[in-house]
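When a residue number appears, it is its place in the shown sequence, counting from 1. Here the structure is a predicted model, which means the values were calculated and not measured.
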Amino acid sequence: MTAEHAQTERRHAMVEEQIEARGVHDADVLAALRTVPRHLFVPPALVDHAYSDGALAIGYGQTISQPYIVALMTALAQVNVRSSVLEVGTGSGYQTAVLAELAGEVFSIERRRELRENADLVLARLGYHNVTTVLGDGSLGLPERAPFDRIVVTAAAPQAPPPLLEQLAVGGRLVVPVGPAGGDQVLKVVSKTAEGLREVESIPCRFVPLVGASGFDEIESP
């Protein structure tokens with residue numbers, strides 16, 4: 001068995017045991033998780049843990065989220081081929097790649113240059129031509145590309161950031177962890193209709209804080 005074949009088997013087992021078993025049954029999301037080689041998005045020293053059931057450190061105080069959380073957030077966002085998606089927090093680029101498997105186009109903002117550059121290399125190697133990464137304050141969104149059909153925030157905010165709500169299209173969905181930096185948080189889904197905003201809570205979670213003008217101050221990061 002080749003190393004790549006072994007990783008593929010581990011990836012398929014991850015989907016079956018960690019994601020389907022926990023109730024995520026969206027066929028397109030499951031197909032994306034079976035396709036994206038998660039082991040290419042983690043530091044070399046952690047490749048053997050790429051398909052484990054947990055978050056992994058990627059440097060600079062950031063993490064690659066637990067596979068189940070990536071799957072759940074993607075499913076909650078209800079991304080499809082017609083979607084223009086904004087991702088706040090490129091990180092390793094793994095969630096970006098999963099979104100790119102499903103969306104028409106993905107714009108992803110990362111505030112750390114090193115992480116953005118690393119993610120760009122892997123995303124380009126894998127041939128994702130529908131992704132544009134941007135260096136900047138993700139809590140402010142990307143007004144020049146708005147409105148977005150879907151927005152996925154991969155760091156916890158004190159509240160759903162107002163600039164992101166403004167950039168969400170009518171009929172759109174925003175998925176964001178909300179709660180204190182370093183404390184207990186909850187994953188929320190905000191839907192935007194012609195009548196206003198509707199907010200639904202999903203599950204408890206724990207994310208690194210969203211640093212920025214509409215997030216937390218830098219000194220509050222762990």
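- Here T74 contributes atom OG1 and L99 contributes atom CG; the two are 5.0 Å apart, rounded to the nearest 0.5 Å.
- No donor-acceptor pair closer than 3.5 Å links the side chain of E166 to the backbone N or O of P143.
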As a quick check of understanding, evaluate side-chain contact (heavy atoms from CB on, under 4.5 Å) for K188 and Q159, giving each step before the final call. CA-CA 10 Å; K188 295 189 176 184; Q159 61 179 343; over 6 Å; no
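- Screening L165, L164, I151 against V190 for a side chain to side chain contact (heavy atoms under 4.5 Å, CB included) leaves a single residue, L165.
- Considering all non-hydrogen atoms of both residues, C205 and V186 come closest at SG-C, 3.7 Å.
- Just one residue in the list R173, E199, Q78 forms a side chain to side chain contact (heavy atoms under 4.5 Å, CB included) with S191, and that residue is R173.
- Cluster membership check: Y128 does not share its hydrophobic cluster with L142, using side-chain heavy-atom separations under 4.5 Å among Ile, Leu, Val, Met, Phe, Trp and Tyr.
- The minimum heavy-atom distance between I203 and L72, with the atom names listed, is CD1-CD2, 3.4 Å.
- Nearest heavy-atom pair, S108 versus G89, reported as atom, atom and distance to 0.1 Å: OG-C, 4.4 Å.
- Linking ILVMFWY side-chain heavy atoms closer than 4.5 Å, directly or via other members, places V98 and L187 in a single hydrophobic cluster.
- A donor atom on one side chain and an acceptor atom on the other are found under 3.5 Å apart for T133 and R116.
- There is a path of hydrophobic side-chain contacts, each under 4.5 Å, that joins F41 to I19.
- In the hydrophobic clustering of this structure, V211 does not group with V153; members are Ile, Leu, Val, Met, Phe, Trp, Tyr whose side-chain heavy atoms approach within less than 4.5 Å, directly or through other members.
- Shown here for A71 and V29, the closest heavy-atom pair between the two residues is O-CG1, 3.7 Å.
- Of the possible polar contacts, none joining the S92 side chain to the V42 backbone as a donor-acceptor pair under 3.5 Å is found.
- Shortest non-hydrogen contact noted between R10 and A50 is NH2-N, 4.2 Å.
- Residues A157 and L210 share a closest heavy-atom pair of CB-CD2, 4.0 Å.
- Side-chain atoms of R111 and D137, non-hydrogen and from C-beta on, never get closer than 4.5 Å to each other.
- With hydrophobic clusters built from ILVMFWY side chains whose heavy atoms lie under 4.5 angstrom apart, M73 shares a cluster with V189.
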